[in-house]
Amino acid sequence: MLFQVGGQGSRPTFFEMSAAQQLPASLRAALTYSFGVLALRRPMFHRVLDYEDEFFAFLMLILETHSLRTTDASFSESLYGLRRRAVKIKVKKDDARLMSGDGINHSGLEKRQKVLSVVFLVVLPYFKSKLHSIYNKEREARLQASLWGHDDERFDDTEYIGGEDSLASSGNLEAEASIRTRLTKRIQKIVGACYPWIHASSEGVSFAYQLLYLLDATGFYSLGLHALGIQVCRATGQELMDTSSRISKIRSRERERLRGPPWLKAVQGALLSCMYTALDYAQTGLIAAVFFFKMMEWWYQSAEERMSAPTVYPPPPPPPPPKVAEEGIPLPPDRTICPLCSQKRANPSVVTVSGFVFCYACIFKYVSQYKRCPITLMPATGDHIRRLFHDV
C-alpha cells in the first residue's frame, strides 16, 4: 500500500484521503480571502465575515447533502472519484484458515448513514470551530488578566481612589450584572479548561487512525467512518459514467413528486431546475476557487520569501577607541595593570562611557569623587561601572 501511487485497486491511497480531508479547509480559506477582498469595496460583505462559521457550515450543509444524495460521497471525496460504502462483515465458519476467516462486503449507504455522515462532516466541525474561538477568547482574557489584572481588581483600585461615588457606581454595576453574563463566563472557563484535552484527544485519535491506514492495518481512515461502519473506495469507471444518469433520475423523481395545479407544478419545476443549475455552477466555481487560491498562495508565498530574504551586508568596522585626554592618567604598557594603582587588576570593572578597565575599588572611589573617567575625563557616575567576570 505504501508503494501504491498510480491508483490500482479499490482502496484509495493515503494521499488521496488526506487531500480529500484537507479540501474543505482550503475551500474555506479561499472563500474567506475572496470575501475579505470584496469587503474592501463593499462593506456589506463584512457581515458574512462576522458570521463566517455559520455561513460556511450552511454552504457545506447544502453541498454535502446534495453530494451524498447523488454520489454516495462527500463533496471533496466526489471530486477525487471516491465513494462511500457500508461495510458488512460476515464470518465464515466452514473455513479453518485464518486468512479466510472474515469476509467484508460493501453495499450502498443507508439513509441513516447519510444523515450521520452530514453530522460528522458539517455539524461536528462547526461546533469544534466555535469551541476553538471560545477557547481563544478565554486564553486572551487570561493573558490580559495576568498582565493587567482582573477587571474587578482594577475597579477596586478606582473605587478606593474615587470614594463614595465610586462605591455607589460599583454597587449599581454589580446589580446590573445578569445571570446570562455569569453563565456565559462560566461556560467560557469550562471550555478553556476542557478544550485542550478534547482537542489533543481528537487529534491523537485522528493521527492513530491515519497511521494505521497508512500501514494498511485498517480500512477506516477516521474514527467517524469507523463509528458509522463506512469505508471509502474508489469509484469504478461504470459508476463514474452512471453518475450523471443517476442525478437525472433523482431530479426527475423529485419533479414527479410535485403536487398541485399545473401552473404551480410548472413554477416549482422551474425553481428546482434553477436550484440544480445553481448547485452545478456552485460546485464548479468552488473547485475553481480552491485551485485559484492555491495558485495565488504559492505565488505570493514565493514572492514574500524573495522579498523577506535577508540581504547579506559586510560587517561594519569597529568604532575608533576613545582618545586619552592630555590631562588624564596615562595608560600603562601592560593591559593587566590598573591605571590608578599601577598594580595588577583585582575585581576588574569597566567604565561604560570609555571602555577602560580598572580595579573596582579604585574606579569606584575615583568616580565617586571626580564624577568622570580618569583617562578620557568623560562624565561618569557609579551607575556606569560594570563588573567583568572574564578579564583579558
Side-chain angles (χ1 to χ4, degrees), residues 12-39 45 48-68 71 73-84 116-137 139 191 195-196 198-211 213-214 220-228 230 232 279 282-302 304-305:
T13 62
F14 173 81
F15 303 102
E16 289 175 315
M17 297 297 297
S18 178
Q21 186 184 30
Q22 294 175 2
L23 184 62
S26 301
L27 176 60
R28 178 168 183 171
L31 291 176
T32 303
Y33 175 78
S34 302
F35 278 105
V37 173
L38 291 175
F45 286 105
V48 178
L49 296 176
D50 293 338
Y51 297 95
E52 177 185 350
D53 295 332
E54 289 74 13
F55 172 77
F56 184 75
F58 179 72
L59 177 63
M60 293 306 297
L61 178 64
I62 297 175
L63 293 178
E64 300 292 1
T65 304
H66 176 70
S67 181
L68 285 168
T71 62
S74 66
F75 172 70
S76 57
E77 292 166 355
S78 63
L79 298 180
Y80 287 92
L82 305 178
R83 297 293 183 267
R84 294 193 170 200
L116 292 178
S117 296
V118 173
V119 172
F120 277 91
L121 291 170
V122 180
V123 180
L124 292 184
Y126 169 74
F127 282 112
K128 184 179 179 180
S129 178
K130 300 302 289 184
L131 289 176
H132 187 69
S133 61
I134 293 174
Y135 171 72
N136 286 336
K137 291 180 180 178
R139 186 175 61 179
V191 171
Y195 178 77
I198 298 174
H199 180 70
S201 302
S202 64
E203 292 296 325
V205 172
S206 299
F207 175 76
Y209 267 92
Q210 292 175 11
L211 182 62
Y213 188 87
L214 179 63
F220 301 99
Y221 185 76
S222 64
L223 177 62
L225 293 175
H226 198 173
L228 297 177
I230 296 175
V232 180
L279 283 174
Q283 289 182 350
T284 306
L286 290 175
I287 297 171
V290 170
F291 285 107
F292 176 75
F293 173 75
K294 286 297 182 182
M295 184 184 67
M296 296 301 294
E297 185 180 21
W298 167 79
W299 179 271
Y300 282 111
Q301 185 176 4
S302 60
E304 288 178 359
E305 288 177 355

On a heavy-atom basis, which atom in [X] and which in [Y] lie closest, and how many Å separate them?
X    : Y    : answer
A57  : V122 : O-CG1, 3.4 Å
S67  : S78  : OG-OG, 3.6 Å
Y213 : P12  : OH-O, 2.8 Å
S76  : L23  : CB-CD2, 3.5 Å
R83  : T71  : CD-O, 2.8 Å

In chain order, what residues pass the side chain to side chain donor-acceptor pair (under 3.5 Å) check against Y51, with sequence neighbours excluded? none
If the condition is side chain to side chain contact (heavy atoms under 4.5 Å, CB included), which residues does [X] pass it with, not counting sequence neighbours?
X    : result
T65  : L61, R69, V118
F58  : I62
Y209 : V205, F220, L223, H226
A39  : F45, H46, L49

What class does the angle between the rings of F14 and Y221 fall in, given that below 30° is parallel, 30 to 60° is tilted and above 60° is perpendicular? tilted
With [X], which residues qualify under ring pair (Phe, Tyr, Trp, His ring centres under 6.0 Å), at least two apart?
X    : result
H199 : Y195
F56  : none
Y80  : none

Output for pair (L116 CG, L68 CG), nearest 0.5 Å, gives 11.0 Å
Roughly how far apart are M17 CE and E77 CD, rounded to 0.5 Å? 5.5 Å
Per the salt bridge (Lys or Arg N to Asp or Glu O under 4.0 Å) rule, what does the pair list look like for residues 199-210, sequence neighbours excluded? K128-E203
Among residues two or more places apart or on two chains, list those pairs meeting salt bridge (Lys or Arg N to Asp or Glu O under 4.0 Å) that have a residue in residues 18-27. none
Under the rule for salt bridge (charged side-chain N to carboxylate O under 4.0 Å, His left out), what residues qualify as partners of K137, not counting sequence neighbours? none
Those residues that, when tested against E64, pass salt bridge (charged side-chain N to carboxylate O under 4.0 Å, His left out) (two or more places apart): none
Side chains of [X] and [Y]: closer than 4.5 Å at any heavy-atom pair?
X    : Y   : value
F120 : S74 : no
L121 : M60 : no
P125 : R28 : no
F75  : P24 : no

